[in-house]
Colleague: 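One structure, as structure tokens, below. Some questions next.
These figures come from a predicted structure and were not determined experimentally.
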Amino acid sequence: MSRSTASSPTTPNASSAGARAIASPAFDALGVAGLLEAAIAAVPTGVTIADPALPDCPIVYVNDAFTRMTGYLPEEVLGRNCRFLQGARTDQAAVARVREAIARRAPVTVELLNYRKDGSRFWNELHVAPVFDAAGALTAFIGIQHDVTARKKAEAGRERARRLAERANRTKSDFLAAMSHEIRTPMNGVMGTLALLLETELDAEQRAYAETARQCGKDLLAIINDILDISRIEAGKLAIESVPFRLAEVVRAVLDLAAAAAAEKGLKLEARIAPDVPDTVIGDPLRLKQVLTNLVDNAVKFTAVGGVTVAIDQAPEATGGGLSFAVIDTGIGIPPSVQKRLFSRFAQADPSITRRFGGSGLGLTICRRLVTLMGGEIRLDSIPGKGTTFRFVLPLRAAEGAGLAPERVLPDPSPPKPPAARGRVLIAEDSRTNQLVVAAILRRAGWTVDVVSDGREAVRRATETDYALILMDVQMPELDGLAATRRVRALPGQRGQVPILAISGATAEADRRACAQAGMNGFLPKPIDRTTLLDAVEAVLADRRCPQPQPSPPAPAGPAPSGGDESGREDPLIDRAVLADLRESVEPARLPRLLALFAEEAEARLARIAEALAGHDLDALARLAHTLKSSAGAFGAAALARAVAALEEEARAGRAEEAARLAERVFALAQATLAALRAPETVA
Ligand SMILES: Cc1cc2nc3c(=O)[nH]c(=O)nc-3n(C[C@H](O)[C@H](O)[C@H](O)COP(=O)(O)O)c2cc1C
């Protein structure tokens, strides 16, 4: 046993030891001090005693464990201050904590890097405590040294592994987000083209195939959106908004979305909002809607009889307040064994969950994450065979007197407003397919469309022309959509005020905000489908905060496809401007093929028009004329489009004779038009 020869260790006196010991022959043999000294010598941690009465508070006692730990013999230690164990890499902040504690005569525990006699390093968990005598005077400091190198190494290893895993996860999330984004862009083309295809004349079998393709596309998009959401959440890139919104509007939008599916199954779909729930609250309406939509969709899917209720109540103050949301169904329920795993990622691997929840299996995980991000927790109560209730409480507070612009917070689900006067629209988009789709949709809606492929060209056109609207892709070569928008906004007069609708595959809040900050009036996420595109166009034009363009005069470079010509001038057989637009919108090399397709389709339709005429089937005639009208318009067959429009009108009005007369004209015009379209100079 190592023992100080310079001074005797402070040992408990009989009375203080008496509190923790009873009389024993062992004490008689060695005395209290002797026995305690033996105990200290035997402990596996270092024990040192320093004397504050001596200059520089030197060590006056060390035990064997200290020597084993540091390699220093007692004679090399005694009489020295213990700081000799420190070295270049010892953390000075920890040393300062010890110094301050000693000065205050207070106990302290620190972890310090110390150096052994052989120069090797070890982590020392050091505990220093003052010892006072019976009169309260400071007598000594006891130091307990514990070698925690192994634990520190393990901790550092875990920390490194955690950082690596975090980095890998971030990389994976970024990759997924990027890939989902990349996939969504061409999917835009697929979905848009399918929508156009479905508007054409198809036989029942073809229609069924195209519908299936569209449904699969929709399902795929839903999965991609889920992946995008979860990767954004995991990458910490999904910000939760705090804006005032009306709860009832969110609930109505959620129920509207599920209404058709519920009605088809004969389910009752209802909302119950307690009277003490505030009308307007501060929170994230889009994310709340996403969670409720997901839960209501699932509920409808798995309820055969009865109904689905969305209930909102005040949560009891005792449990922290907020608003309690519940989605209650009378469906098949979820067995307890499945309930536990339900919210975990990819719970889809379990077939019983797949059956219930379909899709990517990420829906409920996203719900749980979103609810957590919004400050709540989601749980479920389910009785198999009776029904399921998903419940979450969100800390939403009332937005009393907050300036609310409901139409900005939630799309108004009321019937769409009548379209504004059709004018000229500029599409700035570098993807050819998207150009084709967007341009075709807008043309069919009666707009005259200009298409450019980069931001610089967009600004040039916007400087020269009074557009009713600009659809601006955000990512474009030369000048991106944001910079282009800023330049347009800097234009003097009306042209600087033109409404600009962002089109972007990047739909994070930050992206939307950037668009708004650049001066865009609306945001249209890709992929674009006909309805959302037209709705967004109407919404931007109807937005009162957006300076309404003056109703534009009939655009100079091409009348609306089926529109009349107020000047009384005959419509041209081929409207070169429309055809030029089309050429601009598709790969130029594809134009002949597209025109050939149109010709083929038109001929087939004309044959059926003839059949309908012969069979006096005015309904079929109107339908066929209607479809031919839009495709003729899209391919610049202006005179034909006009004639077919008139034919449609007469057929709808039931005027068979007039329709037959017009049909003759349609046939003649069609022949001339198709011949003109096939002419080499048209295609060139
Ligand atoms: C009883 C006792 C034991 C100590 N043991 C150690 C030790 O094992 N390792 C260490 O780095 N410092 C130890 N110290 C701290 C140093 O002796 C010293 O108090 C610290 O370095 C701060 O003072 P300074 O700024 O004067 O160096 C101990 C202090 C006391 C009082």
Side-chain angles (χ1 to χ4, degrees), residues 173 177 222 225-258 271 273 277-298 310-315 320-327 343 362-379 390-413 502 504 506-517 520 522-525 532 536 539:
S173 298
N225 286 337
D226 278 358
I227 296 176
L228 199 60
D229 270 346
I230 201 89
S231 38
R232 271 209 224 112
I233 294 173
E234 293 201 339
K237 285 184 184 151
L238 196 135
I240 293 295
E241 291 222 305
S242 272
V243 294
F245 69 94
R246 296 211 166 93
L247 272 173
E249 284 186 11
V250 171
V251 174
R252 188 183 57 198
V254 170
L255 295 192
D256 278 356
L257 279 173
I273 304 184
V277 167
D279 178 46
T280 305
V281 294
I282 308 262
D284 193 326
L286 286 179
R287 296 303 166 194
L288 174 62
K289 185 174 153 204
Q290 188 177 355
V291 173
L292 286 174
T293 302
N294 203 309
L295 296 177
V296 169
D297 277 356
N298 277 332
V310 175
I312 310 182
D313 293 279
Q314 280 280 4
L323 294 181
S324 162
F325 296 81
V327 175
F343 290 106
L362 289 172
L364 278 180
T365 311
I366 292 170
C367 283
R368 195 196 59 192
R369 298 284 188 95
L370 288 178
V371 167
T372 310
L373 280 176
M374 289 190 281
E377 200 183 325
I378 192 165
R379 56 190 179 77
F390 283 91
R391 207 183 292 279
F392 55 94
V393 175
L394 294 182
L396 300 181
R397 55 197 164 77
E400 244 57 85
L404 180 69
E407 72 280 9
R408 300 297 295 174
V409 177
L410 284 172
D412 185 356
S504 176
T507 56
E509 276 73 15
D511 301 306
R512 289 171 190 261
R513 229 182 347 260
C515 290
Q517 277 164 359
M520 296 188 177
F523 189 96
L524 184 62
T532 21

Colleague: Output, in order, the C-alpha distance, side-chain angles, deciding distance and verdict of side-chain contact (heavy atoms from CB on, under 4.5 Å) for Glu241 and Leu286.
Modeller: CA-CA 9 Å; Glu241 291 222 305; Leu286 286 179; 5.6 Å; no
Colleague: Could you tell me the separation between the CD1 atom of Ile233 and the CD1 atom of Ile366, rounded to the nearest 0.5 Å?
Modeller: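 The CD1 atom of Ile366 is 6.0 Å from CD1 of Ile233, to the nearest 0.5 Å.
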Colleague: Which heavy atom in Ala315 sits nearest to a heavy atom in Val393, and how many Å separate them?
Modeller: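 The pair with the smallest heavy-atom distance is CB-CG1, 3.8 Å.
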Colleague: When you look at Leu295 and Ile378, which way does the side-chain contact (heavy atoms from CB on, under 4.5 Å) test go after all the steps?
Modeller: CA-CA 11 Å; Leu295 296 177; Ile378 192 165; 4.1 Å; yes
Colleague: What is the distance from atom CG of Leu257 to atom NZ of Lys289, rounded to the nearest 0.5 Å?
Modeller: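 The distance works out to 5.5 Å.
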Colleague: Going by side chain to side chain contact (heavy atoms under 4.5 Å, CB included), Leu323 matches just one of Leu288, Asp313, Val281. Which one?
Modeller: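 Running side chain to side chain contact (heavy atoms under 4.5 Å, CB included) over Leu288, Asp313, Val281 with Leu323 returns exactly one hit, Val281.
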Colleague: Nearest 0.5 Å please: distance from the CD atom of Glu249 over to the CG atom of Asp256.
Modeller: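 So the CD of Glu249 and the CG of Asp256 are separated by 11.0 Å.
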Colleague: Would Leu373 and Arg287 count as a side-chain contact (heavy atoms from CB on, under 4.5 Å) if you check the C-alpha gap in whole Å, the side-chain angles of each, and the deciding distance to 0.1 Å?
Modeller: CA-CA 10 Å; Leu373 280 176; Arg287 296 303 166 194; over 6 Å; no
Colleague: Going by the rule salt bridge (Lys or Arg N to Asp or Glu O under 4.0 Å), which residues pair with Arg379 if we only count those two or more places apart in sequence or in a different chain?
Modeller: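 Only Asp381 meet the salt bridge (Lys or Arg N to Asp or Glu O under 4.0 Å) criterion with Arg379.
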Colleague: Mind checking the SG-CZ spacing from Cys367 to Phe390? Nearest 0.5 Å is all I need.
Modeller: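 Rounded to the nearest 0.5 Å, the SG-CZ separation comes to 8.0 Å.
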Colleague: Do Arg246 and Asp279 have side chains that get closer than 4.5 Å, going by heavy atoms?
Modeller: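 In contact.
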Colleague: Going by the rule side-chain contact (heavy atoms from CB on, under 4.5 Å), which residues pair with Ala326 if we only count those two or more places apart in sequence or in a different chain?
Modeller: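 side-chain contact (heavy atoms from CB on, under 4.5 Å) list for Ala326, sorted by chain: Ala311, Ile328, Thr389, Arg391.
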Colleague: Which atom names give the shortest non-hydrogen contact between Phe245 and Ile282, and what distance separates them?
Modeller: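 Where Phe245 meets Ile282 most closely, the heavy atoms are CE2-C, 4.3 Å.
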Colleague: Atom CG of Leu292 and atom CD1 of Ile312: how far apart are they, to the nearest 0.5 Å?
Modeller: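 Those atoms lie 7.0 Å apart.
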Colleague: side-chain contact (heavy atoms from CB on, under 4.5 Å) between Leu364 and Arg368: does it pass, once the steps are laid out?
Modeller: CA-CA 6 Å; Leu364 278 180; Arg368 195 196 59 192; over 6 Å; no
Colleague: Of all the heavy-atom pairs spanning Arg512 and Phe523, show the shortest one and how long it is.
Modeller: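 Closest approach of Arg512 to Phe523, heavy atoms only: NH1-CD2, 3.7 Å.
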Colleague: Can you name the side-chain contact (heavy atoms from CB on, under 4.5 Å) partners of Ala258, sequence neighbours left out?
Modeller: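 Here the qualifying residues are Leu269, Val296, Asp297, Val300.
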Colleague: Minimum heavy-atom separation for Val251 and Ala271, please, with both atom names.
Modeller: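 Closest approach of Val251 to Ala271: CG1-CB, 3.5 Å.
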Colleague: Which atom pair, heavy atoms only, marks the closest approach of Pro285 to Val243?
Modeller: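 Pro285 and Val243 have their closest heavy atoms at CD-CG2, 3.5 Å.
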Colleague: Could you state the interatomic distance from CG (Leu247) to CG (Leu396), rounded to the nearest 0.5 Å?
Modeller: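 Reported value, rounded in 0.5 Å steps: 6.5 Å.
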Colleague: What pair of heavy atoms forms the shortest contact from Pro244 to Thr280, and how long is it?
Modeller: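 Taking Pro244 first and Thr280 second, the nearest heavy atoms are CB-CG2, 4.2 Å.
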Colleague: Is the shortest side-chain heavy-atom distance between Pro395 and Met374 below 4.5 Å?
Modeller: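 No, side chains not in contact.
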